[in-house]
Amino acid sequence: MKMWGGRFQKSTDAAVDDFNSSIRFDKRLYRQDIMGSIAHAKMLGKQNIISQNDAELICKTLLEILSDIENGEVNFLVDAEDIHMNIEKILTDRIGETGKRLHTGRSRNDQVALDLRMYMKDAIDEMSKEISRLTSSLIGIAEENTETVMPGYTHLQKAQPITFAHHIMAYVQMFLRDLDRLSDCKKRTDVMPLGSGALAGTTYPLDRFSVAAELGFSAVTENSLDGVSDRDFALEAAFCMSVIMMHMSRFSEELILWSSNEFSFVEMDDAYSTGSSIMPQKKNPDVAELIRGKTGRVYGSLMGLLTMMKGIPLAYNKDMQEDKEQLFDALDTVLLCVPVFRKMIETMKINKNVMRRGANGGYTNATDAADYLVKRGMAFRDAHEVIGKLVFYSISQGKALDELSMEEFKEFSGVFDSDIYDAISVETCVSQRNIYGAPAKDAVETAIKNAKKSLEAFKK
Ligand code: ARG
């Protein structure tokens, strides 16, 4: 008979048992469920809602069940529906009557909300640790490449020269924001819902605050209806994970492009590439492609969760059981991708010379040529036009700007002098961009120092 079977005349259809059951995917909440139950039982004992002896026996047996689960000695049952009732059933099978007292003043509705919040707090910590490691690897690569000049792009057209360090540090900023978002999301996850009951609290004198303290929560939920109905914390986590994946996916797209024969800016290590079953010469950036691809399923989880929540009236509805698969899949995907992505980046070869050559082509110093004229008194719009014509002329001559003769420069403007060559060398273009946040060596070194400080703050 079901734990809730008293009111029923018939047993559930086997197909419905199967349909209704969530044990297949919520069994991963076993530890949270047991720790939550232990805190609840202790409090019930302290408040004299159950006897001290019963509370102690429940806690002791729950710990035994925990270790049995971890030793693979427990079989969960589909017709016990979910992790909460499976564990309660095992407890009752072991200690009978006493086990049946555990669920006093509690509902599975506040129990599942508690378990999921506990699980997500740990998951957020785990993700943060992985993203910190990735960020720290990226900072390391940046430190070694503050003088590695490369072309910067807009519209995937060569734009202005930058350094590889500056490019990498752009991603460092994104991952630092991801860390910040996760820690913010954790604040709203770190609220203890037990005591909300099914929806309307309980008549027992529960001490919710001691349960929160016991479980390491910073606060308790303020409204029992909200306590069992709120999944905002799960939505926020799914959003944070979507943005993390989006950042890695953009980066992956660049690495895929840069690994192509046409770019050849980087080469993935053999250990992080795969071959073709037919073309013997191929070395494909599959890892980066898979990360780009898996981003879609994490977005899918976010959309799935948002859509699942949008129409359900207060308070608990069974629809919400659907939150876990989406959330767990997103989590598994992020925790799978971040370390692989980090190792792929740590081992890739950076072709500094090819990057440097790339910065030469495509008139990436044209802005600096215009700035040269401006610094000698010309209005920027006029300078823009002069250089535009100069570029058009240079293309027709098949020359770069610094390959033009002094006479050719003079034909376009009398302002040009022999110091133009130095002013438009790619090295000057980078070193002159030295304001806060810009790509010059000193500025990037400041950015690196600041990023290290921010990263340390997250580790605390
Ligand atoms: N397995 C359920 C879930 O994941 C637990 C809560 C069930 N509550 C209920 N009243 N049916 O949401």
Side-chain angles (χ1 to χ4, degrees), residues 1-8 11-37 39-40 62 69 74-92 100 102-123 189 191-202 221 223-235 237-238 301 304-332:
M1 188 168 106
K2 290 276 190 293
M3 283 186 156
W4 38 253
R7 183 234 179 274
F8 289 76
S11 55
T12 358
D13 187 280
V16 171
D17 264 346
D18 224 28
F19 181 72
N20 216 22
S21 167
S22 53
I23 188 66
R24 187 170 43 81
F25 50 84
D26 66 15
K27 62 177 175 227
R28 69 158 93 186
L29 297 173
Y30 73 87
R31 169 171 280 278
Q32 290 72 21
D33 197 73
I34 288 177
M35 297 323 283
S37 288
H40 180 66
L62 282 171
I69 294 173
V74 170
N75 271 334
F76 293 123
L77 304 174
V78 167
D79 51 334
E81 220 174 303
D82 55 26
I83 188 63
H84 324 294
M85 291 210 291
N86 263 275
I87 289 174
E88 197 183 325
K89 181 175 175 345
I90 299 165
L91 179 74
T92 308
K100 294 186 189 169
L102 168 65
H103 209 51
T104 313
R106 189 176 69 171
S107 156
R108 270 188 300 157
N109 299 350
D110 56 356
Q111 190 177 359
V112 70
L114 173 78
D115 293 3
L116 198 57
R117 283 174 181 271
M118 288 171 70
Y119 190 90
M120 287 313 294
K121 278 173 66 182
D122 288 346
T189 308
V191 188
M192 209 289 299
L194 226 52
S196 303
L199 76 160
T202 176
T221 53
N223 177 292
S224 63
L225 286 174
D226 185 49
V228 290
S229 306
D230 169 28
R231 292 293 181 274
D232 292 4
F233 65 95
L235 294 171
S301 297
L305 285 168
L306 282 168
T307 311
M308 181 271 285
M309 288 301 291
K310 85 179 178 66
I312 46 185
L314 301 184
Y316 180 85
N317 298 261
K318 189 76 169 216
D319 315 40
M320 288 160 84
Q321 179 166 287
E322 290 286 309
D323 57 3
K324 282 170 277 305
E325 278 170 295
Q326 305 276 8
L327 204 53
F328 295 159
D329 186 75
L331 196 57
D332 292 346

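In listed order, ligands and their atoms are each counted from 1.
Once rounded to the nearest 0.5 Å, the distance linking CG of Leu225 with CG of Leu314 reads 6.0 Å.
Partners of Asp323 under the side-chain contact (heavy atoms from CB on, under 4.5 Å) rule, at least two apart in sequence or in another chain, are Leu116, Arg231, Leu305, Met308. Judged as a side chain to side chain donor-acceptor pair (under 3.5 Å), and not counting sequence neighbours, the contacts of Asp230 are Arg117.
For the side-chain hydrogen bond (donor to acceptor under 3.5 Å, both in side chains) test with Asp115, the passing option among Gln32, Lys324, His84 is His84; the others fail.
Every pair tested for ring pair (Phe, Tyr, Trp, His ring centres under 6.0 Å) that includes a residue from residues 304-325 fails, sequence neighbours excluded, so the list is empty.
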For each nitrogen or oxygen atom of ligand 1, which protein N/O atoms lie closer than 3.5 Å, and how far apart are they, rounded to 0.1 Å?
from, atom 1, to, atom 2, distance (Å)
ligand 1, 1 (N), Ser22, OG, 3.3
ligand 1, 1 (N), Asp82, OD2, 2.9
ligand 1, 1 (N), Gln321, OE1, 2.7
ligand 1, 4 (O), Lys324, NZ, 2.6
ligand 1, 8 (N), Asn109, OD1, 2.9
ligand 1, 10 (N), Asn109, OD1, 3.0
ligand 1, 12 (O), Tyr316, OH, 2.4

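In this structure, the side chain of Asp122 does not engage the main chain of Tyr119 through any donor-acceptor pair within 3.5 Å.
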